[in-house]
Amino acid sequence: MRSSWADSVANAEESAPATGAAPAPVANHQNSRPTRSSYVPPHLRGGGRSPENQVPAAAPTPAGAYPSGAVQPSGGYAAAVGGTRWAAPPGAGSAGVGVVRQGGGGRGAVGGAGGGWNSRPGGWGDRRDREPNPFGDSEPAAVDVDFESQQNTGINFDAYEDIPVETSGHDVPPAVNTFAEIDLGDALNENIRRCKYVRPTPVQRHAIPIVIGGRDLMACAQTGSGKTAAFCFPIISGILKSRPPQRPRARTAFPLALILSPTRELSVQIHEEAKKFAYQTGVKACVAYGGAPIHQQLRELERGVDILVATPGRLMDLLERARVSLQMVNYLALDEADRMLDMGFEPQIRKIVEQMDMPPRGVRQTMLFSATFPKEIQVWFSLTPCFKLHSYMPQVLC
Ligand SMILES: Nc1ncnc2c1ncn2[C@@H]1O[C@H](COP(=O)(O)OP(=O)(O)OP(=O)(O)O)[C@@H](O)[C@H]1O
């Protein structure tokens, strides 16, 4: 069972009630998410790398690119939570670098007025009857499914209220206090209920309105703070409310959203969550990662995909085989964005975003999520042409 940010807050409060100190996000970092427990945030590293980080060989850092290949940042999330606003990267202007964390909900009116994805040609709605129930095989598909009831029972929702959040950027869309404040659509709301998400976490409260408002964002929040939903909800709702693009029935897959993550384990986790959030909506999520036979992933992609969760290396393989095209990607999300750069994925990320057929910034929406955003990472995303976050009027949420 994974621990949550709220658990961390509760624990921190217990350990330091007298000081009233803000919860130190790093304190519980190693306890949450077992599959990522070996990961040590860059700002905590003493120079060594955890075994998990020895994934793809880090390419030599070119001059002028991501600064100081091995990130040894000062500040980062801990400083931000403590109340210190992130330093604006050079050239970032007054907008600063945007960050949004913890998402929730889009506006898709599934089955409502205006038509949902399932009623549209080109969708995968006709497959819903055969859609495996991600909440348990023993339950009927659409009736009171117990969505991993043990997973969220330990969350202290009251602790959320005291978590300090900072945002930056112009005209930041206001945060919401409940999922009901955002029209996410019946199907997504039903899945939120099944997930037992009573109210949004801080990053969700801030990030979801920002993304739904069409903004790009950089969001920094601790592991277990609900970031996955923060980017999945707006993506799913956005897909549901948009007109269905005509996608050729070819062997090439044309996802509408791309979620990049640094590791197979994280990709699988995101995919599992995305399947729950998108259950019975007609929105289909697929996953592609290296270290596993590609053929099964190819077969799955051939059946259609709306949200593709992928590691950079395997995605490059698929792109070079012309089995995936990014030309219809409206949403690009990078989870653990700092870690991807730290692990040496910069060349792949640049190629995927700059040199393939992905729509440019301004056309697509870009979301960067991470537990830490050291200054060097902020600078990289601000100066790299395909991101240039400062020109997006981005938001910062810590
Ligand atoms: N609004 C919510 N209410 C209750 N539980 C939630 C809510 N949002 C997320 N959770 C749960 O909190 C746990 C942590 O969420 P999640 O894995 O998305 O965190 P995360 O910030 O993405 O962590 P990581 O940094 O490891 O990716 C999960 O069990 C998830 O189901």
Side-chain angles (χ1 to χ4, degrees), residues 1-10 25-26 28-42 52 76-77 81 99-105 134-135 146-161 163 175-182 184 188-189 191-208 219-235 259-263 265-277 279 309 333-340 367-373 397-398:
M1 184 175 78
R2 295 183 295 187
S3 60
S4 70
W5 192 10
D7 299 325
S8 305
V9 172
V26 296
N28 290 289
H29 198 284
Q30 292 168 344
N31 294 332
S32 55
R33 283 201 145 178
T35 55
R36 299 189 215 176
S37 59
S38 61
Y39 172 65
V40 179
E52 193 179 5
Y77 177 78
V81 168
V99 173
V100 177
R101 269 285 176 171
Q102 292 187 336
F135 302 103
D146 182 5
F147 277 42
E148 299 189 33
S149 58
Q150 298 306 308
Q151 189 174 20
N152 304 315
T153 52
I155 291 180
N156 175 6
F157 291 102
D158 293 337
Y160 285 143
E161 304 306 320
I163 292 177
V176 295
N177 290 315
T178 65
F179 289 119
E181 291 175 53
I182 308 173
L184 301 175
L188 188 48
N189 278 328
N191 289 335
I192 291 172
R193 186 194 65 76
R194 288 165 165 163
C195 286
K196 301 184 190 294
Y197 292 3
V198 178
R199 52 180 156 166
T201 64
V203 71
Q204 293 165 358
R205 283 166 43 200
H206 289 79
I208 294 171
C220 178
Q222 184 185 357
T223 294
S225 55
K227 297 185 291 291
T228 310
F231 56 79
C232 282
F233 286 4
I235 288 173
I259 300 170
L260 286 175
S261 93
T263 66
E265 291 78 12
L266 180 56
S267 296
V268 169
Q269 284 183 15
I270 296 169
H271 180 231
E272 292 302 316
E273 293 289 292
K275 281 193 296 185
K276 293 177 194 167
F277 301 149
Y279 182 54
V309 185
L334 272 64
D335 198 11
E336 299 208 353
D338 66 331
R339 192 175 169 195
M340 273 198 271
M367 295 165 260
L368 308 175
F369 284 80
S370 196
T372 64
F373 268 112
L397 169 66
C398 300

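First listed ligand is number 1; within each ligand, the first listed atom is number 1. Only a predicted model underlies this, so the values are computations on that prediction, with no experimental measurement involved.
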Novice: Keeping Glu181 on the side-chain end and Thr178 on the backbone end, is there a donor-acceptor pair under 3.5 Å?
Specialist: yes

Novice: Using the rule given for side chain to side chain contact (heavy atoms under 4.5 Å, CB included), can you reason through Met340 versus Leu334, listing the C-alpha separation, both sets of side-chain angles and the distance that settles it, and then say yes or no?
Specialist: CA-CA 8 Å; Met340 273 198 271; Leu334 272 64; 3.7 Å; yes

Novice: Does ligand 1 have any atom that is closer than 4.0 Å to a heavy atom of Phe179?
Specialist: yes

Novice: At their closest point, which heavy atom of Ile270 faces which heavy atom of Phe231, and how far apart are they?
Specialist: CG2-CE1, 4.1 Å

Novice: Please indicate whether any nitrogen or oxygen in Gly224 is less than 3.5 Å from any nitrogen or oxygen in ligand 1.
Specialist: yes

Novice: Can you tell me if Asp335 uses its side chain to pair, donor with acceptor, with the backbone of Ser261 under 3.5 Å?
Specialist: no

Novice: What is the ring orientation for Phe233 with Tyr197, classed by angle as parallel under 30°, tilted 30 to 60°, or perpendicular over 60°?
Specialist: tilted

Novice: Run the numbers on Thr263 and Glu336 for side chain to side chain contact (heavy atoms under 4.5 Å, CB included), then give the verdict.
Specialist: CA-CA 10 Å; Thr263 66; Glu336 299 208 353; over 6 Å; no

Novice: As an exercise, identify every atom of ligand 1 less than 4.0 angstrom from a heavy atom of Arg199.
Specialist: 1 (N), 2 (C), 3 (N)

Novice: Do any nitrogen or oxygen atoms of Val198 lie less than 3.5 angstrom from nitrogen or oxygen atoms of ligand 1?
Specialist: no

Novice: What atoms of ligand 1 come closer than 4.0 angstrom to any heavy atom of Thr201?
Specialist: 1 (N), 2 (C), 7 (C), 8 (N)

Novice: To the nearest 0.5 Å, what is the distance between OG1 (Thr228) and NZ (Lys276)?
Specialist: 10.0 Å

Novice: Please list, in number order, the atoms of ligand 1 under 4.0 Å from a heavy atom of Thr228.
Specialist: 16 (P), 17 (O), 18 (O), 22 (O)

Novice: Would Ala371 count as a contact of ligand 1 if the rule is a heavy atom under 4.0 Å away?
Specialist: no

Novice: N/O to N/O below 3.5 Å, does that happen between Glu336 and ligand 1?
Specialist: no

Novice: If you count the atoms of ligand 1 from 1 in the order shown, which ones are under 4.0 Å from a heavy atom of Gln222?
Specialist: 21 (O)

